[in-house]
2 protein chains.
Amino acid sequence: MARKAATKPRKKASQERSRATVDALVEATARILVREGFEKTSTNRIAEVAGVSIGSLYQYFPGKEALVAAVIDRHNEEIMALVRAALVEVAEMPIEKAVRRLVTVAIEAHRIRPELHRVLAEQIPRAGKLDVEAYGREVHALVRAYLDSRRKEMRKLDLDVATFICVSATEAVAHNVVLNQAEILPEKVVRRLVDETTRMLVGYLRRSA
Amino acid sequence: MARKAATKPRKKASQERSRATVDALVEATARILVREGFEKTSTNRIAEVAGVSIGSLYQYFPGKEALVAAVIDRHNEEIMALVRAALVEVAEMPIEKAVRRLVTVAIEAHRIRPELHRVLAEQIPRAGKLDVEAYGREVHALVRAYLDSRRKEMRKLDLDVATFICVSATEAVAHNVVLNQAEILPEKVVRRLVDETTRMLVGYLRRSA
DNA sequence: AGAAAAAGCGAGCGATTGCTCGCATTATGG
DNA sequence: CCATAATGCGAGCAATCGCTCGCTTTTTCT
């Protein structure tokens, strides 16, 4: 609180070409994470790959964690863009169609950058955890709102519990589909998994036994 | 292949008190992981906390990765013991009871050492990945075998796909229950989650639409 | 008892890491 | 056109890391 390093604001926004520098640094971080792993991701290496000096790096980022956090945020934002769009698109659909769409999107979202996703999932640093939780809460709220709006088509259920379970299950299937089989994913199998997951969720949400 | 360091077998089994040394090292690694995080987990620190010299550490473990892998293995083995026992216990039960039991055990298993589980889940090192996959395959095989034995009570389904989805969903719920809410877990809510998850899975597996 | 093997020790090496600071280069605006 | 700010630079320091090696202590076996 007291000090803020007057002469060296450490982390400053950009006005001109500095934007490019920041982008290059984040992009380099992502590439190194994917191609060399988290352990090899040092600030010196990042600067080198980005074609930027370490001095410049520290003008925009307070440390390695900040770089990695930026990569994570970028990736999460891409995913969230898909998810948000899907939830809007789905707002007026009946649950069967909606669930199918959402499950499909969940898998697509996890497939945006499989290798990066894998690294981020497997070698989590430490920071950014709060942000991830924030995204989680947002998804929960959005899905909950949809389920609430379609209450009439469903059995009596505890909205929060149902949302929690549906979101967890969907994420898990998407996550495992991308992480376990990775590259070799016959489109047929994916469709099959979407069908089955949809069946499970719809069966769980609908009225009737 | 060529060299094996004859005078320094590096990683040797134990005969007497050395057992205690190895245990102390693994236990110290776990404690540091939980209390100081993965970054602070250096071989020097591990030796210090274990009350053992670095020299001794390197007599039994080829490096930091091996220590962490040992902790992971230990933890996974504890979990697998519960899971294996549950699957035996459940072998003769009808699906409703069996699923309820398995979901309960999944949550219990994730609760063995919540903080350690969290660290291992959040700050994975790199090694041991193969072992984790091996456990995953074992669970898959066991569950698949159970489902196969109860085929008559269920609708026609692709065993592998159904197993994959059920295991993924159950693990995800258990995982999130432990990681998200962590300490504050009213027993009532847990029961509720078990009930709902069971309902979803049984509804998915049973015959009838 | 004594010798050999097993276990334990820790100073200290070479390498790497995160990061600073003084200076050079480029843009902006009066 | 030049003063001032913004941006970029990179040698190099202090700290830390993983790890070795020569040595002492303890145990085992005869």
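All figures in this text were calculated on a predicted structure; none of them were measured in a lab. Below, chains carry the letters A, B, ... as their sequence lines are ordered, and counting in each starts from 1.
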If I take atom [atom1] in residue [X] and atom [atom2] in nucleotide [N], what distance separates them, rounded to the nearest angstrom?
{"X": "Glu65(B)", "N": "dC17(D)", "atom1": "CD", "atom2": "P", "answer": "16 Å"}
{"X": "Gln59(A)", "N": "dG18(C)", "atom1": "CD", "atom2": "C1'", "answer": "17 Å"}
{"X": "Arg19(B)", "N": "dG8(C)", "atom1": "CZ", "atom2": "P", "answer": "13 Å"}
{"X": "Phe61(A)", "N": "dG18(C)", "atom1": "CZ", "atom2": "C1'", "answer": "16 Å"}
{"X": "Leu57(A)", "N": "dC21(C)", "atom1": "CG", "atom2": "C1'", "answer": "16 Å"}
{"X": "Tyr58(B)", "N": "dA6(C)", "atom1": "OH", "atom2": "P", "answer": "23 Å"}
{"X": "Arg45(A)", "N": "dC19(C)", "atom1": "CZ", "atom2": "P", "answer": "18 Å"}
{"X": "Ile46(B)", "N": "dC19(D)", "atom1": "CD1", "atom2": "C1'", "answer": "13 Å"}

Between [Y] and [X], is the closest basic N to carboxylate O distance under 4.0 Å?
{"X": "Glu27(A)", "Y": "Arg74(A)", "answer": "yes"}
{"X": "Arg35(B)", "Y": "Glu115(B)", "answer": "no"}
{"X": "Arg111(A)", "Y": "Glu108(A)", "answer": "no"}

Which is more 5' along DNA chain D, the nucleotide nearest Lys64(B) or the one nearest Ser53(A)? Just name the residue.
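Its nearest nucleotide lies further toward 5', so the answer is Ser53(A).
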
Contact under 4.0 Å: Thr21(A) side-chain N or O vs dG8(D) OP1/OP2
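So the side chain of Thr21(A) is within the cut-off, an N or O lying under 4.0 Å from OP1 or OP2 of dG8(D).
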
Just to confirm, is there a sub-4.0 Å distance from OP1 or OP2 of dG18(D) to any side-chain nitrogen or oxygen of Thr43(B)?
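Checking dG18(D) against Thr43(B), a side-chain N or O does come within under 4.0 Å of OP1 or OP2.
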
What N/O pairs connect the protein and nucleotides 12-15 of chain C at under 3.5 Å? Give each pair on its own line.
none

Indicate yes or no: at least one non-hydrogen side-chain atom of [X] is less than 4.5 angstrom from one of [Y].
{"X": "Leu82(A)", "Y": "Ile112(A)", "answer": "yes"}
{"X": "Val143(A)", "Y": "Thr170(A)", "answer": "no"}
{"X": "His175(B)", "Y": "His110(B)", "answer": "yes"}
{"X": "Tyr135(A)", "Y": "Glu77(A)", "answer": "yes"}

Choose from dA7(C), dG18(D), dG8(D) the nucleotide whose nearest atom is closest to any side-chain atom of Ser42(B).
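For Ser42(B), the side-chain atoms sit closest to dG18(D).
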
With DNA chain C as reference, determine whether Lys40(A) or Ala20(B) sits nearer its 5' end, using the nearest nucleotide of each.
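First, find each residue's nearest nucleotide; the 5'-ward one identifies Ala20(B).
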
Minimum heavy-atom distance Ala47(A)-Ser53(A), with the two atoms named
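So the minimum-distance heavy-atom pair works out to CB-C, 3.9 Å.
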
Smallest separation among heavy atoms of Val194(B) and Arg100(B), with atom names:
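The answer is CG1-O, 4.1 Å.
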
Below 3.5 Å is the cut-off: list the nitrogen or oxygen pairs between protein and nucleotides 25-29 of chain D, distance only.
unit_1: dT28(D); atom_1: OP1; unit_2: Glu16(B); atom_2: OE1; d: 3.1
unit_1: dT28(D); atom_1: OP1; unit_2: Glu16(B); atom_2: OE2; d: 3.0

Does Ser56(B) reach a base, just sugar-phosphate, or nothing at all? Heavy atoms under 4.0 Å.
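Ser56(B): base contact, heavy atoms under 4.0 Å.
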
